[in-house]
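Okay, so here's the structure we're looking at.
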2 protein chains.
Amino acid sequence: MRHVTINDLARRLNLSASTVSRALRDHPDISEQTKERVRAIAAKTNYQPNLIAQSLQTRRSNNIGVIVPEIRNSFFSTVISGIEDLAYESGYTIMVCQSDDTFERETINTRALAANRVAGMLVSVSQETADFTHLKQVLAQGVPIVLFDRVVDQINAPKVVVDDFNGAFQAVTHLIETGRKRIAHLTSAGSLYVAEKRREGYEAALHAHGFAVRPEYIIEGGCHEEDGREGARRLLTLEKPPDGIFAINDPVALGALLYLQDNQVMVPEQVGLVGFSDNPNAVLVRPALTTINQPAYDIGKTAASLLLDILESGTLEHDKTITLETRLVVRGST
Amino acid sequence: MRHVTINDLARRLNLSASTVSRALRDHPDISEQTKERVRAIAAKTNYQPNLIAQSLQTRRSNNIGVIVPEIRNSFFSTVISGIEDLAYESGYTIMVCQSDDTFERETINTRALAANRVAGMLVSVSQETADFTHLKQVLAQGVPIVLFDRVVDQINAPKVVVDDFNGAFQAVTHLIETGRKRIAHLTSAGSLYVAEKRREGYEAALHAHGFAVRPEYIIEGGCHEEDGREGARRLLTLEKPPDGIFAINDPVALGALLYLQDNQVMVPEQVGLVGFSDNPNAVLVRPALTTINQPAYDIGKTAASLLLDILESGTLEHDKTITLETRLVVRGST
DNA sequence: CTGAAAGCGCTTACAG
DNA sequence: CTGAAAGCGCTTACAG
């Protein structure tokens with residue numbers, strides 16, 4: 001019933017715990033014969049090393065903590081898949097928390113992971129977070145953090161992002177090239193790094209092609225489908241509604257698409273629409289959504305590999321930022 | 001830089017570690033004054049209890065292990081969200097692994113979680129798994145398991161499922177009631193419990209309405225979108241193609257939908273289509289997908305709460321099965 | 001090649 | 001009300 005321990009094995013073999021421990025870890029000092037005896041009894045009794053005890057003793061952990069705003073968001077669950085795959089290959093296990101995009105929950109999650117003495121953390125910060133002491137305290141304790149997607153400058157840690165500026169620039173340029181003259185942007189309120197960069201890309205593309213940035217065409221809302229509906233609704237109330245929309249992400253774009261169609265606005269004939277992410281469901285809608293592909297799975301793998309490198313090497317380049325390329329995927333909505 | 005320990009606090013206050021420990025846990029024996037001194041220094045030094053050491057000592061863990069076939073699958077990521085939310089409320093952290101639907105990886109994940117001495121596990125078994133000793137060993141060590149969705153009879157553990165039989169029965173009855181005469185079923189090869197139950201429901205509904213089960217209308221494939229495409233392709237090659245399709249899940253249904261539309265088969269006019277799950281993207285496609293709603297988030301919450309009950313009470317009703325109700329959601333595809 | 005001892009950071013009977 | 005001691009299950013210098 002209870003877990004078998006090293007002492008149990010030692011007793012049964014008339015050996016010391018030290019010897020059993022060494023045999024299990026294949027220490028060169030131990031005779032081959034002893035090793036075999038130990039291995040045999042370990043297998044027979046289904047001995048499983050207690051990683052908790054091991055961690056306490058060695059002060060090393062094989063767990064890495066992950067904090068995302070929302071697990072069920074397709075982008076984040078794909079990132080987590082990437083993280084888990086790499087962690088698995090390297091013998092690590094991941095502890096996953098969601099902040100629900102609240103500061104409070106992110107703080108509590110951070111403490112819980114720290115208390116669990118994870119080897120490091122992979123964090124995508126919540127939309128609400130403006131105070132970063134919880135993360136700074138983790139760093140101060142010598143636990144490395146790698147930020148991804150929702151990164152912030154205030155924390156001195158390596159970051160994995162996509163080229164949001166350029167992606168947005170591509171998206172808006174594409175709308176312009178397909179003849180759109182009045183291009184709106186559905187973005188999120190607050191100060192998300194990715195939102196800022198995408199908005200800068202939007203504005204830069206307009207400027208680059210001689211268009212003015214018109215404040216009434218920039219709608220600040222949230223990041224979900226319903227925000228897209230609401231944004232589209234507000235745009236349709238304008239005296240001169242836009243003929244092109246660049247949405248901050250795919251859920252928002254899909255919400256806008258459905259709202260437009262429900263209100264007899266034809267996409268792409270009357271309004272061209274571009275999202276950001278290339279979620280799996282971008283290809284399910286009709287017209288399929290033109291969007292900016294963001295390699296979610298690779299973001300996870302890259303962030304995890306960055307963290308694992310730090311853990312192996314013990315050194316930390318806290319100013320390192322890896323920027324993954326985005327790619328315009330043209331489908332039916334433009 | 002290093003983590004502050006109870007001994008550090010004790011030294012600074014000229015107290016023993018025992019007293020500090022008791023003060024921190026608000027033990028009634030300790031004077032209020034001492035408690036305050038301890039709390040003050042703990043806060044000042046950013047002391048965080050080492051849960052690893054605590055776990056080792058108390059032989060209790062606040063981690064629960066979760067194994068799913070695939071994190072990025074929308075159904076499973078929603079289940080995980082439910083699990084995490086409940087775990088969070090109860091002060092637990094979750095360790096998440098994906099088996100990639102392989103036996104090997106599921107086994108390794110199980111061992112890793114066991115080695116990490118999780119308090120319990122929530123498992124949805126892989127499609128390949130036919131040998132269950134890895135899970136039985138966990139149970140034998142006194143670690144409770146709750147199975148969900150992909151449950152198996154061979155393991156003596158509580159289970160959380162949806163009423164797959166009845167859901168399938170509803171789906172097929174609905175197709176019959178909308179006038180379909182030749183109803184096909186896209187299912188998965190292998191011996192998944194859910195696949196079996198849904199197929200039984202499909203056959204029972206046909207019988208109940210006086211239809212024969214025709215083997216050529218049952219296509220065994222996989223669980224993903226491409227399997228739906230392939231299944232639809234094969235159905236269209238039949239001499240008498242079906243006028244109704246019940247798919248094992250939404251991804252398969254969506255694949256079928258897209259294939260049919262790409263081949264000029266009108267849905268719902270020529271073929272009525274019903275999925276299973278009610279994934280978020282069921283409402284994104286046109287026509288929107290008629291499907292069986294399966295409360296993914298609630299499955300996660302229910303499974304987690306079952307496990308937490310076991311952990312609190314210490315008793316385990318291993319024959320308990322909670323069946324959540326499914327609900328037919330009629331949309332445009334029928 | 002093997003063992004005794006100390007210690008990782010905690011908790012908790014047992015004394016006083 | 002507080003402390004000394006033992007122990008959770010390991011690992012690893014230090015001896016022999």
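Only heavy atoms go into these numbers, but all of them, side chains included; no hydrogens, no water, no symmetry mates.
Of the listed nucleotides (C:dT11, D:dA5, D:dC10), D:dC10 has the atom at the smallest distance from the side chain of A:Tyr47. Comparing C:dG3, D:dA5, C:dC10 by their nearest atom to the side chain of A:Ser16 picks out C:dG3.
Within the 6.0 Å centre-distance limit, the rings of A:His134 and A:Phe103 are counted as a close aromatic pair.
Within the nucleic acid shown, A:Thr5 comes within 4.0 Å of sugar-phosphate atoms alone, with no base atom in reach, counting heavy atoms only. Among the protein residues, A:Ser21 comes within range of the nucleic acid bases, having at least one heavy atom under 4.0 Å from a base atom. Residue contacts shown for A:Arg25 are limited to sugar-phosphate atoms, with no base heavy atom under 4.0 Å away. Counting any heavy atom pair closer than 4.0 Å across all strands shown, B:Leu51 reaches no nucleic acid atom. Contacts of A:Ser55 with the nucleic acid, taken as non-hydrogen atoms under 4.0 Å apart, are absent. Backbone-only contact: A:Ile6 has heavy atoms under 4.0 Å from sugar-phosphate atoms and none from a base.
Ion pairing of B:Glu32 with B:Arg39 is present here, as a side-chain N (NZ or NE/NH1/NH2) and a carboxylate O approach within less than 4.0 Å. Under the 4.0 Å criterion applied to side-chain N and carboxylate O atoms, A:Arg111 and A:Glu106 are not assigned as salt-bridge partners.
Pairing of C:dG16, defined by two Watson-Crick or G-U wobble distances under 3.5 Å, is identified with D:dC1.
In this structure the side chain of A:Val68 never reaches within 4.5 angstrom of the side chain of A:Val79, judged on heavy atoms.
Not a single donor-acceptor pair, N or O on each side, falls under 3.5 Å between the base of C:dG9 and the side chain of A:Arg117.
The shortest distance between the side-chain N/O atoms of B:Gln57 and the OP1/OP2 oxygens of C:dG9 is not below 4.0 Å.
At whole-Å resolution of the value, CG in B:Asp29 and P in D:dA4 are 16 Å apart.
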